[in-house]
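Taking it in order: structure first as structure tokens, then the write-up.
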Amino acid sequence: WSVIGLDRAFDAGRDDHGVRWVTADLAQGVPPDVPGVDLVVHAAWVTTDAATLGITPADHVALNLRPLLTVLQYAARTGPGAFVYVSSSGVFAPDDATEGLTETHRPTGGSPYAAAKRAGELLVTAALDPGTAVHVVRLGYLFGPGEVGRPSRSRVSLIAGWLAAAREGQAASQVPGAETLTESAVGRIKPPMVPSDIPSLRGFRWTDPTAGVRALLAAEVAT
């Protein structure tokens with residue numbers, strides 16, 4: 001695949017893997033020299049809450065939806081074969097389910113983040129021509145060692161937090177001699193999402209989460 005990545009900024013020291021990196025503020029438009037593509041994946045989003053950023057809830061919604069509208073206009077103009085909108089389990093509220101969340105549960109999250117994500121789901125499915133297949137993906141927790149906190153995403157994923165703890169000798173039982181640290185949850189916690197049964201991914205060899213965490217922590221200890 002020939003991949004083009006667009007963002008306002010990119011992490012230093014990244015491995016390019018042959019990707020063409022384009023620095024751009026999507027709220028101002030997709031640069032005219034970016035060609036049409038077969039697949040668009042829109043994952044740009046500000047997850048830090050409005051109060052922490054010092055902006056109003058309305059500004060927070062606009063901050064997230066303006067880039068999406070720009071990319072939708074680009075997709076409408078260039079006609080990709082498919083468009084993937086990366087939504088989030090953040091559209092759900094704690095009361096939406098007592099156990100695992102599924103696509104049958106109705107999302108009722110009322111924060112600016114949740115409302116903007118849900119609005120994005122509706123906009124994407126309504127804005128593009130039938131020739132572009134639309135896929136809405138509600139992500140649960142991210143799993144990856146390279147996540148870095150930044151103003152737009154001040155809270156990193158559980159995995160990234162555990163790896164940071166491992167570097168400080170505070171990871172869980174996977175690291176011999178490490179201190180186990182337990183913190184009480186603040187407020188009500190919604191259950192995680194149950195993995196969807198996607199036909200095209202049946203038979204795919206996934207890494208077991210426990211094995212993945214063990215391997216990542218072992219690498220940290222070795223380092």
Side-chain angles (χ1 to χ4, degrees), residues 1 3-8 24 26-27 29-30 34 36-50 57-58 60-97 99-144 147 152-153 155-159 189-204 206 209:
W1 292 92
V3 179
I4 304 173
L6 284 78
D7 207 341
R8 288 176 13 182
L26 289 178
V30 175
V34 174
V37 294
D38 298 312
L39 167 67
V40 173
V41 179
H42 184 79
W45 215 260
V46 175
T47 65
T48 304
D49 63 275
H60 193 275
V61 170
L63 195 62
N64 279 314
L65 289 184
R66 282 174 183 155
L68 174 60
L69 293 174
T70 292
V71 175
L72 285 175
Q73 291 173 324
Y74 160 81
R77 184 177 70 253
T78 58
F83 190 107
V84 176
Y85 171 63
V86 180
S87 187
S88 168
S89 59
V91 299
F92 293 105
D95 292 330
D96 289 344
E99 296 182 356
L101 286 161
T102 69
E103 297 304 324
T104 62
H105 291 102
R106 178 176 174 268
T108 65
S111 69
Y113 173 83
K117 276 292 190 187
R118 184 71 182 113
E121 294 179 359
L122 298 173
L123 290 170
V124 170
T125 54
L128 298 177
D129 293 334
T132 298
V134 173
H135 306 276
V136 174
V137 181
R138 287 176 178 162
L139 288 185
Y141 291 118
L142 298 179
F143 189 110
E147 188 181 9
S152 60
R153 182 177 171 81
R155 293 181 58 188
V156 297
S157 64
L158 291 175
I159 297 297
I189 303 297
K190 64 175 177 283
M193 292 198 71
V194 175
S196 300
D197 182 17
I198 302 175
S200 60
L201 295 181
R202 291 173 186 167
F204 190 88
W206 296 99

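For this chain, numbers begin at 1 and follow the sequence in order.
Under a 3.5 Å cut-off, the side chain of Thr48 and the backbone N or O of Ser152 do form a donor-acceptor pair. With Asn64 contributing its side chain and Trp45 its backbone, the two residues share no donor-acceptor pair below 3.5 Å. Between the side chain of Thr132 and the main chain of Pro80, a donor-acceptor pair closer than 3.5 Å is present.
Partners of Ala115 according to the side-chain contact (heavy atoms from CB on, under 4.5 Å) rule, which considers only residues two or more places apart in sequence or in another chain, do not exist here. In this view, Arg106 and Thr108 satisfy the side-chain contact (heavy atoms from CB on, under 4.5 Å) rule, not counting sequence neighbours. With sequence neighbours excluded, the residues forming a side-chain contact (heavy atoms from CB on, under 4.5 Å) with Arg8 are Asp25, listed by chain and number. Annotation: side-chain contact (heavy atoms from CB on, under 4.5 Å) contacts of Ala82 (sequence neighbours excluded): Leu39, Ala133, His135.
When all heavy atoms are compared, the tightest approach of Val91 to Asp96 is O-OD2, 4.4 Å. Across all their heavy atoms, Ala27 and Arg66 have their closest contact at CB-CB, 4.2 Å. Considering every non-hydrogen atom in both Lys190 and Pro94, the closest pair reads CB-CA, 3.6 Å. Contact record, Ala76 with Leu128: N-CD2, 4.0 Å, taken as the closest heavy-atom pair. When all heavy atoms are compared, the tightest approach of His105 to Gly100 is CE1-O, 3.4 Å.
Residue Asp197 qualifies as enclosed at atom CG: its count of foreign heavy atoms under 6.0 Å is above 12.
Here the side chains of Lys117 and Ser87 are in contact, with some heavy-atom distance below 4.5 Å. In this structure, Leu68 and His42 have side chains that are in contact, with non-hydrogen atoms separated by less than 4.5 Å. Side-chain atoms of Thr125 and Tyr85, non-hydrogen and from C-beta on, never get closer than 4.5 Å to each other.
Summarising the geometry, atom OG1 belonging to Thr47 is positioned 6.5 Å from atom OH belonging to Tyr113; distances are rounded to the nearest 0.5 Å.
Within the structure, side chain to side chain donor-acceptor pair (under 3.5 Å) contacts touching residues 68-82 (residues at least two apart or in different chains) do not occur. For residues 127-138, the pairs satisfying salt bridge (Lys or Arg N to Asp or Glu O under 4.0 Å) are Glu103-Arg138, Glu121-Arg138, with sequence neighbours left out.
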